[in-house]
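Basis for what follows: all heavy atoms, side chains included, without hydrogens, waters or symmetry-related copies.
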Amino acid sequence: MVHTPFHLLWEGKGAVFIFFVLSGIVLTLPVLRSDRFSWIAFYPQRLARLYVPIWAAVIFTVLTFVVVPRVGYVASDWLRERPTDVTLGAFARDMTLVLGNGGLASPLWSLRWEILFSLAIPLYVYTARIWPGLNPFKALICVGLITVGGAVENAFLLYVPMFMLGSLIAVELPRLRDTGHGMDLLTRARMAWGGLLALGLLLMTTHWIGLGMGLPTRAVGATSGLVVIGACIVVFVAMLWHPVKRVLGTRPVQWLGLISFSLYLVHEPIVVAFGYLFGSAGVLLAIPCAILVAVLVASAFYHLVERPSHVLAKRIRTKMSVTSAPRSDLLPVGLKSSASAINVHPKGAEVEGL
């Protein structure tokens with residue numbers, strides 16, 4: 001199943017591509033929709049929103065090293081690639097991330113790019129908004145850079161343009177909605193939407209299909225461009241096709257979405273701990289136990305860490321917005337459009353990142 005479209009069931013990197021595209025959308029929309037957006041307030045509240053959960057996750061990871069020492073033989077190649085002890089350098093890099101992650105909890109690698117994107121968001125918004133007629137060409141350039149970045153294994157070229165695609169989607173959202181409405185009016189609308197979703201999901205597995213076909217390493221890396229196109233298609237369908245929107249709006253999915261960032265931060269050290277705790281002979285028991293505990297810990301982490309980080313970030317934003325003048329005057333005239341804050345959660349929680 002590894003080298004077939006079924007790999008989608010555990011395709012983590014493609015999911016991160018979706019995460020990067022969504023981040024570009026979510027952080028760009030509030031800037032476009034408010035004529036009183038304060039950059040002075042944005043940076044401290046955004047960094048608090050990200051770093052408080054990150055710091056807590058790193059400390060939690062270190063505790064798992066203490067509770068379940070990573071000693072002894074394990075049959076899993078993946079487990080053997082995980083660090084077996086905590087070093088001061090790795091701890092410092094994971095706590096800062098800007099210069100790279102230390103690897104104590106490998107999912108933190110994506111948060112490094114999230115932080116760098118957050119710091120550069122004014123440039124992204126300006127680039128997406130200026131000369132809107134060229135946005136299709138900007139998107140093609142982004143996909144081209146991602147393709148090259150994957151082929152030559154350059155992380156900067158690979159990941160940075162993904163956020164730009166999200167910013168472009170945010171700017172082009174009215175046109176994309178018109179496109180979605182036009183698809184709804186087709187005679188076989190369900191077939192068209194379903195085929196588009198299937199195409200997006202298939203493209204997200206092209207990396208593994210390429211490996212199975214024995215393609216050269218650079219050719220397999222170049223499939224990153226196709227994977228990110230698939231990710232954008234999936235985001236488009238999720239935003240605009242009503243059957244998918246209904247599924248994503250159900251209570252269980254909304255709850256999973258609510259704790260998903262916390263789950264992303266804490267799941268790996270839990271999986272590794274159970275791998276060492278049960279050993280190679282107990283893998284069939286280790287897997288369900290790790291999943292159950294990871295979900296429970298993620299729920300607790302959300303309530304004890306992530307949700308308070310939201311509150312702290314909002315307080316920082318409110319205080320900084322009151323004590324500083326609106327900074328939308330720093331943006332091009334085209335960016336000063338009026339609208340209300342975006343709300344996607346049923347309880348009305350304002351989106352502040354993913």
Side-chain angles (χ1 to χ4, degrees), residues 1-19 53-54 56-86 90 94 101-111 201-202 204-212 227 230-231 234 247-248 250-306 354:
M1 292 172 63
V2 171
H3 302 298
T4 74
F6 287 107
H7 195 107
L8 188 71
L9 295 172
W10 70 98
E11 172 47 25
K13 200 165 187 178
V16 172
F17 287 11
I18 289 180
F19 172 72
I54 288 170
V58 174
I59 293 171
F60 171 78
T61 300
V62 171
L63 290 176
T64 65
F65 279 79
V66 177
V67 175
V68 182
R70 300 181 180 185
V71 295
Y73 174 77
V74 286
S76 167
D77 291 336
W78 181 82
L79 283 176
R80 287 199 296 270
E81 291 173 353
R82 305 306 106 189
T84 56
D85 57 1
V86 179
D94 276 345
N101 66 299
L104 296 179
S106 65
L108 292 179
W109 73 267
S110 68
L111 274 300
L201 296 175
L202 177 63
M204 286 183 62
T205 62
T206 50
H207 172 88
W208 297 100
I209 294 174
L211 280 175
V227 175
V234 170
V247 172
L248 295 177
T250 57
R251 282 185 176 273
V253 177
Q254 285 286 310
W255 181 76
L256 287 173
L258 193 67
I259 69 167
S260 61
F261 182 54
S262 294
L263 181 60
Y264 183 74
L265 290 174
V266 303
H267 79 278
E268 189 198 72
I270 294 173
V271 173
V272 175
F274 274 94
Y276 276 92
L277 185 63
F278 285 88
S280 303
V283 64
L284 294 181
L285 183 60
I287 291 173
C289 288
I291 292 173
L292 176 61
V293 171
V295 171
L296 293 175
V297 171
S299 180
F301 192 93
Y302 170 78
H303 289 287
L304 297 175
V305 178
E306 188 184 354
L354 300 175

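Within the structure, the salt bridge (charged side-chain N to carboxylate O under 4.0 Å, His left out) test picks out no pair touching residues 274-299 (sequence neighbours left out).
Note: Phe274 and Phe278 have parallel aromatic rings, judged against thresholds of 30 and 60 degrees for the angle between ring planes.
Across every non-hydrogen atom of Ile18 and Ala231, the tightest pair is CG1-CB, 3.6 Å. Closest of all the heavy-atom pairs between Leu104 and Pro83 is CA-CG, 4.0 Å. Taking all atoms of both residues into account, the shortest heavy-atom contact from Tyr276 to Val71 is CD2-O, 3.5 Å. Across Leu8 and Leu201, no two heavy atoms sit closer than the pair CD2-CD2, 3.6 Å. Contact between Leu79 and Val272 at its shortest, heavy atoms only, is CD2-CA, 3.8 Å.
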Distance-only donor-acceptor pairs under 3.5 Å for side chains of residues 56-66, two or more places apart:
| from | atom 1 | to | atom 2 | distance (Å) |
| --- | --- | --- | --- | --- |
| Thr61 | OG1 | Ala57 | O | 2.8 |
| Thr64 | OG1 | Thr61 | O | 2.5 |

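With sequence neighbours excluded, the residues forming a side chain to side chain contact (heavy atoms under 4.5 Å, CB included) with Leu211 are His3, His207, Trp208, Val220, listed by chain and number. Checked against salt bridge (Lys or Arg N to Asp or Glu O under 4.0 Å), Arg82 has the following partners two or more places apart in sequence or in another chain: Glu268. Partners of Trp78 by side chain to side chain donor-acceptor pair (under 3.5 Å), not counting sequence neighbours: none found. The salt bridge (Lys or Arg N to Asp or Glu O under 4.0 Å) check on Asp77 picks up Arg80, with sequence neighbours excluded.
Distance check: Leu284 CG to Cys289 SG gives 11.0 Å after rounding to the nearest 0.5 Å. Atom CG of residue Leu108 and atom OH of residue Tyr264 lie 7.5 Å apart, to the nearest 0.5 angstrom. For the atom pair CD1 of Ile270 and CG of Leu277, the computed distance is 12.5 Å after rounding to the nearest 0.5 Å.
Counting only heavy atoms from C-beta outward, the side chains of Arg70 and Pro269 approach each other to under 4.5 Å. Looking at Ser262 and His303, their side chains never come closer than 4.5 Å, going by heavy atoms from C-beta outward. Side-chain contact between Glu306 and Leu265: absent, with no pair of heavy atoms (C-beta onward) separated by less than 4.5 Å. Residues Phe261 and Leu111 are in side-chain contact: their nearest non-hydrogen atoms beyond the backbone lie under 4.5 Å apart. Residues Val227 and Lys13 have side chains not in contact (no heavy-atom distance under 4.5 Å, counting atoms from C-beta outward).
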Begin with the C-alpha distance, continue with both residues' side-chain angles, and end with the deciding distance and a verdict on side-chain contact (heavy atoms from CB on, under 4.5 Å) for Met1 and Trp10. CA-CA 11 Å; Met1 292 172 63; Trp10 70 98; 4.0 Å; yes
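Ser110 contributes a side-chain N or O that, together with a main-chain N or O of Pro107, makes up a donor-acceptor pair within less than 3.5 Å. Using a distance-only test at 3.5 Å, with no hydrogens or angles considered, a donor-acceptor pair links the side chain of Thr205 to the main chain of Leu202.
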